[in-house]
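The next block holds one structure in the form of structure tokens; read it before the comments.
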Amino acid sequence: MQLPPDDPVLSPRTGYTRAHWEAAADALLAAVEPYATEDRALYHLPGNHTSWSGPLSDGLEGYARTLMLAAFRRDEKALERYADGLAAGVSGVWPRIEDRSQPLVEAASIALALRLTREQLWDRLDDAVRQRAADWLGDALTAEAWPCNWELFPVTVGGFLREIGYKEALCRAAIDRGLERIERWYVGDGWYTDGDGRKFDYYNGWAMHLYPVLHAWLADDRDLLRLYGSRLSEHLAVYRRLFAGDGAPMHQGRSLTYRFATTAPLWLGALTGHTPLAPGETRHLASGALKYFLDRGAVDDRGLLTLGWHGPDESVLQGYSGPASPYWASKGFLGLLLPPDHEVWTAPEEPVPAERADAVTPVAAPNWLLQSTRSDGLVRLHNHGSEDVRYDPYYTRLGYSTATAPSPSYDNTVTVGDDPGRTGIEPLGVGEGWAASRHAVGEDVRVISLVVAESAVEVRAHLVAGAAPGTPVRVTGWPPAKGVCAELLPAHGLSEAPEEALTGTAGEGPTLFVALARLTGDTDPRPLSDLVTVEVAGAYDLSVRWASGTTRRFRFRMSDGHAAAPAWSVTPRRG
């Protein structure tokens, strides 16, 4: 991919300007063009991984997701090609939109693109083509969605169809239904779960916020925009902290192959005026993420986005991932809707949070603790409240970072006996420098987990209750990764073991295990033993004394001693 020369004055940290984003968009659009069918209705991108929806649906996905990129780019010539493809697609080529079908997803991308480029594309189509296209999209208004972010796809289609006067009552019903359904998943502070349960991930940004805010903005509905815009702004106040100094997004959750789609909510805040970020910080975060992936092989020698993270990587894929799936990364080009003279494009880049200072930030809604260090720009996410067992290990591990990926060998876990992993996570709270949760192992065993963090250092404590005496307990830390050092040391009840793990055994009653951990990019860090001291008193009281002079105390306690499986918890103590 050929990009313009870096601009060290306007963008002293990434070098990227609007011209870089335009060049990247143009290159991605040019690279997919040879894979369009003769009628341009389908884009059959190469690859061995076919989604569970099949090749025809994959071809529609290729059309829809790259059309969205052309719409953000406002590329007239490209839009002419997509107009031809639309005419052919709705004339019998595209599969119908049915209940819980992949075409429902792609219909939302097509409708959004048509709404954004109405004058350049839709208004230039023949009346007969417009009618067939509206009828094809219209099936999305009544199609049953999966109970998650999919509920917003009929909303997005309904917003466009209502604008052009198509079955307005049905459009209003689809819009109201979808927006009402996502309300039950809003948990406050700018955070949604992706459906029932505690699935917290990037779908907050590239779906749960993106579609409602864009819908309200495009409809010029001030009340809706005030509601959804304020939620977006709250979300961005924390979201900005999920990016490393080198631009890497947090490696957590599903659909990671969308890569720099993580930047969509950043641009969205600037586009609609609902953001706490300064213009130079917005562009730095977004350009940093784009540069991070382009510099690390996200695009192959044909100019195509691969199925993976850096380069091809099947470990980040799901059953719905097809050759064109990565092109939801098109959402990351939302910023091109901002005019060239907008302050996001003209303001000098500003430092991002991971570069400013060491910080340990509690995030109450998902029950996360974010830990960043200025010296290496790394960000770590301590997970004590997010879970989606369908996609383990990208939800159920104790920790994620911007420099590591979950390993098959159960990094960042506590294992009791033959327990294969952590499920049924119950958050127990977060606070200044700490987060806690518990989970069950079988019917009788409970594990109460606590992390206490300062700078790059972590104290990880696990109380195992209900296990038979002698049951083995295994604790693991950060996985090895290029350019970083991962450390794990025993502090109480554990001893070192092969394969970068610590081991211990359950005692006669509830047993506390404590480890020190660190993930750092610093080349010569101080020894962990110089930075923190851990004391355990009375079996269930934990004291953590940092070299900075701060001391934090916690008590593991049983809240109901008469229950068959007592509900243990952990709380901070004063003094």
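Just so you know, these numbers use all the heavy atoms, side chains as well, and skip hydrogens, waters and symmetry mates.
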Looking at Asp84 and Arg81, does any basic side-chain N land under 4.0 Å from a carboxylate oxygen?
no
Parallel, tilted or perpendicular: which describes the rings of Phe333 and Phe260, with under 30° parallel and over 60° perpendicular?
perpendicular
Out of Leu285, Leu334, Leu271, which residue meets the side chain to side chain contact (heavy atoms under 4.5 Å, CB included) rule with Leu266?
Leu285
Taking every heavy atom of Met68 against every heavy atom of Ala113, the minimum-distance pair comes out as CA-CB, 4.2 Å
Side-chain donor-acceptor pair present, Thr257, Trp328, cut-off under 3.5 Å
no
Under 3.5 Å, is there a donor on one side chain and an acceptor on the other for Thr306 and Arg259?
yes
Side-chain heavy-atom pair His215, Leu224 within 4.5 angstrom cut-off
yes
Can Glu61 and Ser325 be counted as having a side-chain donor-acceptor contact under 3.5 angstrom?
yes
Backbone of Gly385 reached by a side-chain donor or acceptor of Arg198 within 3.5 Å
yes
I'd like to know whether the aromatic ring centres of Trp345 and Trp267 sit less than 6.0 Å apart in this structure.
yes
Would you mind reporting whether His235 and Trp191 have side-chain heavy atoms less than 4.5 Å apart?
yes
What pair of heavy atoms forms the shortest contact from Tyr16 to Glu349, and how long is it?
O-OE2, 4.1 Å
Side-chain donor-acceptor pair under 3.5 Å between Tyr395 and Asp201, yes or no?
yes
Is the side chain of Arg74 donor-acceptor paired with the backbone N or O of Ala71 at a distance under 3.5 Å, no angle test?
yes
Do the side chains of Glu314 and Leu307 get nearer than 4.5 Å, heavy atoms only?
no
Return the CG to CG distance between Leu112 and Leu210, rounded to the nearest 0.5 Å.
7.0 Å
How about Tyr82 and Tyr43: are their ring centres within less than 6.0 Å of each other?
yes
Salt-bridge contact Arg226-Asp223 (side-chain N to carboxylate O under 4.0 Å)
yes
Can you find a heavy atom in the side chain of Pro212 that is under 4.5 Å from one in the side chain of Val155?
no
Rounded to the nearest 0.5 Å, the CG atom of Asn412 sits from the CG atom of Asn383 at a distance of 10.0 Å
Nearest heavy atoms of Leu294 and Met1, plus distance in Å
CD1-SD, 3.9 Å
Salt bridge flag under 4.0 Å for residues Arg231 and Glu183
yes
For Ser51 and Tyr320, which heavy atoms make the closest approach, and how far apart are they?
CB-O, 3.4 Å
Nearest atoms (heavy-atom pairs only) where Gly424 meets Glu387:
N-OE2, 2.6 Å
Within 45° cone of Tyr203 ring axis and under 6.0 Å: Arg254 NZ or CZ:
yes
Thinking salt bridges, do Glu144 and Arg100 make one under a 4.0 Å N-O criterion?
yes
Please verify the inter-ring angle class for Tyr394 with His251; under 30° counts as parallel, over 60° as perpendicular, anything in between as tilted.
tilted
Can Asp135 and Gln131 be counted as having a side-chain donor-acceptor contact under 3.5 angstrom?
yes
Under-4.0 Å salt bridge between Arg40 and Glu80
no
